Structure formats: structure tokens, C-alpha cells
Novice: 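Dropping a structure here in C-alpha cells format, bear with me for questions.
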Amino acid sequence: MTVTHLTHTAARGRTEPRTLRIAVVGTGFMGRVHAEAARRAGAEVVAAVAGTADGAADAARAVGAERGYPDLGSLLAEAGADVVHVCTPNARHAEAVDSALAAGAHVICEKPLAIGVADATALTGAAEAASRVATVPFVYRFHPMVRELRARLATGQAGVVSTVSGGYLQDWLSRPSDDDWRVDPAVGGPSRAFADIGSHWCDLFEFVTGDRVHRLSAQTVAVQPRPRSWATPTEDAAAVQFTTQSGVLGTVVVSQVAAGRKNRLHLEVSGTEASFAFDQEDPERLWVGGRNGNQVLLRDPQTLSPSAARYARLPAGHAQGYQDCFDAFVADTYRAVLGEDQPDGLPTFADGLRAVRITDAVLTSAASAGAWIEVDR
């Protein structure tokens, strides 16, 4: 899909397409992923901002932008960006998003939306007040087999859902020498593993089931000493048990020190008539369990439900993955920006705020020896 919209050209008396202009704030790994998704959606990456005053050219080169700027203020004043992608370290999200909204831009902000509930609430309110499209890349929603799972649960195929379980496991911080800005609470925020990947799991669970985490009890642990040390280190792993508003029991384990697991988001929903399991490291398949036998569904646009087939970009047997999900998320955001429609399942700042609230409850519970905490709605 090419993300253009029509503007009237008086001299010619007809309409002409105008391509969306995109700015990327933060040029690390995620900035490059955002920029690639923007180009695949047909937008122009016109601007990037540097972390230092003399790094503008490097910033532009990193994400393939037309021009780099020494700071966000000059970018917002001069670039004429329709959409600003905020991909900075977490502690800088609130300031960057607030500035972009004040400049009249639509915003895509990496999660966590903010490192605290107060800032996330303020940003959500600011986006609503400005009538801007404001989204958070909970991109696992855009796997076709996730949409298939959601569709089957919505039609009651699971029967009565009693339990949900799963986890999100990575190993990229499993050694004492492993270091990253996310480890520093002053930059990454008070939560690391749960805010970074546990938020994805909770969003995915709530998205596919339509249910919401109501109360939770959590434990967190810092496993490895780091090259730098802080008075309050962020967690390497977390274990959370919870109940939902409808009474479902749930457990989730999150870890960034699980050797051999690169990016395993696994979700299993257990029902009286059928159970379903999705594994992000094997995204072409959906496991379906039943009393009379189990089956594995393959991603095939010819057999998927309409809501899932919409995101099956390739024929069966041609694998789709993470970047495809990101591309679909960005394209849907741009459709909303252009006023074409409000795509189903588009994760907004309200969803980003929800994730921050769950993370806050996890930290509060863990600091209170696993006390049960009610999650604010």
C-alpha cells in the first residue's frame, strides 16, 4: 500500500497524491526498523535527529533520511513531518512525544510510552486533545496467526477459558559483560525486562482474548552483575500470576537471561472445548488442542478468517516474520493518519498507557513481597 493522500491543485483543477513525510527520532536498531517500515508503506523518510549536535549527517545516514538535524526542536520547526517516530531511550519518550504533538505531528512512540504512569497518562490526554493519531508498536498483534487466534476466541471456539499461560524469553543480557542503555534505570526506566517484553505479552493476551488483567502478584530478580552498577538495578526476570476481570487464572514468566531463547513470546489459552497456542519464534503456525485430537494450523490466506487473511501478505509456504508485522502496523497507522479508516486492532496511546499501568503494578507487587495489586483501568 502506498501511503499518499489527495490534495487539490487549483492550477490544474484536479487532485494529486501527496506522500507522507516521516521523521525518525532515535537512530538505533528500532529507528532503522521504523524507517524501513515507513519506506515499505510508501512514505518518505525526510528527517532524523542526532544524539549530538555534530552527528546530524550520521543520523540521516543511519536511517536513510534525506536530512539530519542536530536537535528535535530544529527538526520539528523545519522538516514539515506529518508523522514523527519516537525511537529514543525510554526516559526521553515523554519530552519527544509532547514536542511532536505540540508541533502538530502524528506520533508513533516506541514502548514503553513513558517510564511512569503520570507521564503516560499526560501523553495520552495530549494526543486526544490534539486530535492526532498516536500509536505504540505492539506489533505482535499483526501476525496473521495471532489474528486467527483472536477470531476463533471471539466466536467461542475455546468454550469456557479457565487459564492462560506463557512467557517472553530472551538471552541477550544473560552474561555479566552484557550491557546496554536499557540496563541503566536513569535512561531505561525503573523496569527493564517487564517494561520491555512483558508489556508485549500482556498486550497480546488482552488483545486476543478481549479480557483484561485485574489483579496480580509478581516477583522480580536481578540475576547478573553488570559492567556498571546502580543502587536499584533493573530486573533481569519476572514471574507474575494474575486473575482477569472475567475470572481467568494466568501466569507469565519474562526473562532476558534465558540462554538459547532469542525472542520467544509464547501464549497458550486453555478452554473447555479447545486450547490454542502461539509461539512468536514459529509464527506460521497456530496449535489447536481438543479432546478428540490436536491440529496445527498453517498460515494460508485461502483458509484463514478474513481478519487474519488481511495480514497474510504472501502465499502459504512463504514465511512472514517480525518485519512484516512492523510493516503492517506502520501501514495501518498511516491509513489512520490519512483518514482512510480506523484499522481494527490498531494499538493506540491508550494501549501504551495500559501497559505502563500493568508494569507499575508489577513493580509495586514485587517491592511488597508479591502482594496482590489491583491494576488500574
Side-chain angles (χ1 to χ4, degrees), residues 1-5 17-115 123 132-137 139 172 178-184 186-189 196 227-228 322-327 329-331 333-334 337-338:
M1 183 190 79
T2 300
V3 288
T4 59
H5 64 91
R18 183 176 72 82
T19 302
L20 287 177
R21 296 170 61 82
I22 307 305
V24 179
V25 184
T27 57
F29 166 70
M30 289 313 307
R32 296 191 294 273
V33 170
H34 280 247
E36 179 61 23
R39 280 188 288 270
R40 291 184 182 187
E44 292 181 356
V45 182
V46 299
V49 67
T52 60
D54 59 354
D58 290 338
R61 189 177 305 110
V63 299
E66 293 176 6
R67 181 181 172 186
Y69 290 82
D71 56 72
L72 181 57
S74 59
L75 182 152
L76 293 173
E78 300 173 21
D82 297 302
V83 185
V84 174
H85 291 241
V86 176
C87 312
T88 65
N90 303 341
R92 302 174 191 166
H93 286 181
E95 181 180 3
V97 170
D98 194 55
S99 297
L101 290 172
H106 303 275
V107 180
I108 296 176
C109 180
E110 266 300 325
K111 51 93 195 98
L113 178 57
I115 61 174
L123 294 177
R132 299 291 85 184
V133 173
T135 62
V136 176
V139 297
W172 66 289
D178 293 329
D179 197 15
D180 184 80
W181 60 259
R182 292 172 179 83
V183 177
D184 184 351
V187 181
D196 189 19
R228 297 168 288 167
Y322 174 79
Q323 184 69 55
D324 296 290
C325 289
F326 220 103
D327 295 348
F329 157 72
V330 168
T333 298
Y334 292 173
V337 167
L338 299 172

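Numbers here are sequence positions counted from 1. Since we're looking at a predicted model, the values are computed, not measured.
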Novice: Which pair of heavy atoms, one from I22 and one from A43, lies closest together, and at what distance?
Specialist: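 Shortest heavy-atom separation between I22 and A43 comes out as CG1-CB, 3.4 Å.
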Novice: Answer whether the closest heavy-atom distance between the side chains of M30 and P137 falls below 4.5 Å.
Specialist: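 Heavy-atom side-chain distance check fails, nothing below 4.5 Å.
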Novice: Is the number of heavy atoms from other residues, nucleotides or ligands within 6.0 Å of CD (E78) greater than 12?
Specialist: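 Count over threshold, so yes.
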Novice: Considering all heavy atoms of both residues, which atom of A56 and which atom of P70 are nearest to each other, and what is their separation?
Specialist: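 Of all heavy-atom pairs spanning A56 and P70, the closest is CB-N, 4.1 Å.
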Novice: Is it true that R39 and E36 have a side-chain N and a carboxylate O under 4.0 angstrom from each other?
Specialist: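 Here R39 pairs with E36 in a salt bridge, since their nearest N and O are under 4.0 Å apart.
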Novice: T333: which residues meet the side chain to side chain donor-acceptor pair (under 3.5 Å) condition with it, sequence neighbours left out?
Specialist: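 Scan of T333 (side chain to side chain donor-acceptor pair (under 3.5 Å), adjacent residues dropped) gives T135.
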Novice: Can you name the nearest heavy-atom pair linking A35 to V24, along with the distance?
Specialist: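 Scanning both residues, the minimum pair turns out to be CB-CG2, 4.2 Å.
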Novice: Quick one: list whatever passes side-chain contact (heavy atoms from CB on, under 4.5 Å) with A114, sequence neighbours left out.
Specialist: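 For A114 the side-chain contact (heavy atoms from CB on, under 4.5 Å) partners, ignoring immediate neighbours, are D119, A120, L123.
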Novice: Tell me the salt bridge (Lys or Arg N to Asp or Glu O under 4.0 Å) pairs involving residues 102-111, sequence neighbours left out?
Specialist: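 Every salt bridge (Lys or Arg N to Asp or Glu O under 4.0 Å) pair that includes a residue of residues 102-111, provided the two are not neighbours, is K111-D196.
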Novice: Listed by chain and number, what are the side-chain contact (heavy atoms from CB on, under 4.5 Å) partners of A96, not counting sequence neighbours?
Specialist: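 Listed in chain order: L72, V86.
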Novice: Side chain of R21, backbone of G80: donor and acceptor closer than 3.5 Å?
Specialist: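 Pair found, side chain donor or acceptor close to backbone of G80.
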Novice: So how far is it from C109 SG to H34 NE2, rounded to the nearest 0.5 Å?
Specialist: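 The distance works out to 8.5 Å.
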Novice: Does any part of the side chain of V83, heavy atoms only, come nearer than 4.5 Å to the side chain of V133, both counted from C-beta?
Specialist: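 No, their side chains stay 4.5 Å or more apart.
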Novice: Closest heavy-atom contact between T19 and G42?
Specialist: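 Heavy atoms only, the tightest pair is CG2-O, 3.1 Å.
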Novice: So R132 and V107, do their side chains get closer than 4.5 Å, heavy atoms only?
Specialist: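 Contact flag for V107/R132 side chains = no.
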Novice: Who are the side-chain contact (heavy atoms from CB on, under 4.5 Å) partners of A47, not counting sequence neighbours?
Specialist: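 A47 satisfies side-chain contact (heavy atoms from CB on, under 4.5 Å) with A23, Y69, L75, A79 only.
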Novice: Please identify each residue that fulfils side chain to side chain donor-acceptor pair (under 3.5 Å) with D71, with sequence neighbours left out.
Specialist: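 Testing D71 for side chain to side chain donor-acceptor pair (under 3.5 Å), a comparison that skips the adjacent residues, returns S74.
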Novice: With side chains defined as the heavy atoms from C-beta onward, is the minimum distance between Y322 and V139 less than 4.5 Å?
Specialist: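 A side-chain contact under 4.5 Å exists here.
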Novice: How long is the straight-line distance from CG of L338 back to NE2 of H106, given to the nearest 0.5 Å?
Specialist: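 Spacing of NE2 (H106) from CG (L338) equals 8.5 Å.
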Novice: Looking at every non-hydrogen atom in both residues, tell me the closest pair between T27 and A48 and how far apart they are.
Specialist: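 The answer is CG2-CB, 4.2 Å.
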Novice: Minimum heavy-atom separation for G189 to I115, with atom names?
Specialist: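 In terms of heavy atoms, the two residues are closest at CA-CG2, 3.8 Å.
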Novice: I'd like to know if the side chain of H93 reaches the main chain of P112, judged simply by a donor and an acceptor atom lying under 3.5 Å from each other, with no hydrogens or angles considered.
Specialist: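 Looks like yes, one N/O pair under 3.5 Å.
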